[in-house]
Amino acid sequence: MHEMSLAEGVLQIIEDHAAKAGFARVKTVWLEIGALSGVETEAMRFCFDAVTHGSVADGAALEIVTTPGTGWCMRCGVSVPMTERYDPCPRCGGYQLQVQGGTEMRIKELEVE
């Protein structure tokens, strides 16, 4: 469950930002997670709730925004949607796909007070 270390990283970023910006409480966290990132969203929710207990983000709502996976098919020469790594190209069935998007995880927005 690497989501625990990811959630700890998110909390560290939030606490660093709270120290710089001077806010005392986070109400909502929008977390963007790519479809090809390998992050289980339900595990991330559980871990986020666990690691934020007693912090500036204690009780904060976690809104997960999923971004689609995309890849470049070398055979077709176009960008195609991807739902899983190592899937074939949906146009030609070839496996020469280079992942272009959907691998990221980042804090998109915070609602603070």
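This is a predicted model, so every value here is computed, not measured. By convention here, the first residue in the shown sequence is residue 1.
- Put simply, the side chain of E104 gets close to the backbone of G102: a donor and an acceptor are under 3.5 Å apart.
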Quiz item: Yes or no on side-chain contact (heavy atoms from CB on, under 4.5 Å) for H2 and V39, after CA distance, side-chain angles and deciding distance?
Solution: CA-CA 8 Å; H2 71 287; V39 177; 4.1 Å; yes
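- Atom CG in L6 sits 8.5 Å away from atom OG in S37 (nearest 0.5 Å).
- A distance of 12.5 Å separates OG1 in T103 from CD1 in I33, rounded to the nearest 0.5 Å.
- Y95 belongs to no hydrophobic cluster, as no Ile, Leu, Val, Met, Phe, Trp or Tyr side chain comes under 4.5 Å of its own.
- To the nearest 0.5 Å, atoms CZ (F48) and CD1 (I64) are separated by 9.5 Å.
- When the side chains of ILVMFWY residues are joined at heavy-atom separations under 4.5 Å, either directly or via intervening members, L62 and V26 end up in a single hydrophobic cluster.
- Contact check for V56 versus I14: side-chain heavy atoms found under the 4.5 Å cut-off.
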Quiz item: Taking it one step at a time, do E3 and T41 satisfy side-chain contact (heavy atoms from CB on, under 4.5 Å)?
Solution: CA-CA 9 Å; E3 283 81 2; T41 56; over 6 Å; no
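- Clustering ILVMFWY residues whenever any of their side-chain heavy atoms sit less than 4.5 angstrom apart, transitively, puts V99 in the very cluster that holds V78.
- Within the hydrophobic cluster formed by Ile, Leu, Val, Met, Phe, Trp and Tyr side chains joined at under 4.5 Å, directly or through other members, M74 is accompanied by W72.
- With no hydrogens or angles considered, no side-chain donor-acceptor pair links E15 and S55 at under 3.5 Å.
- Nearest heavy-atom pair across S79 and T70 is OG-CB, 4.1 Å.
- Using a 4.5 Å heavy-atom threshold, the side chains of C89 and C76 count as touching.
- Between A35 and G69, the shortest heavy-atom contact is CB-N, 3.8 Å.
- Between M44 and V10 the shortest heavy-atom distance is CE-CG2, 4.1 Å.
- With a 4.5 Å cut-off on side-chain heavy atoms, E63 and V29 do not count as touching.
- Residues I13 and W30 fall into different hydrophobic clusters, defined by Ile, Leu, Val, Met, Phe, Trp and Tyr side chains chained together at heavy-atom separations under 4.5 Å.
- The two atoms that bring D87 and T83 nearest to each other are OD2-OG1, 3.3 Å, heavy atoms only.
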List, one per line, each side-chain donor-acceptor pair under 3.5 Å for residues 105-113, sequence neighbours excluded.
| residue | atom | partner | partner atom | Å |
| --- | --- | --- | --- | --- |
| R106 | NE | E32 | OE1 | 2.7 |
| R106 | NH2 | E32 | OE1 | 2.9 |
| E111 | OE1 | T28 | OG1 | 2.9 |
| E113 | OE2 | R25 | NH1 | 2.9 |

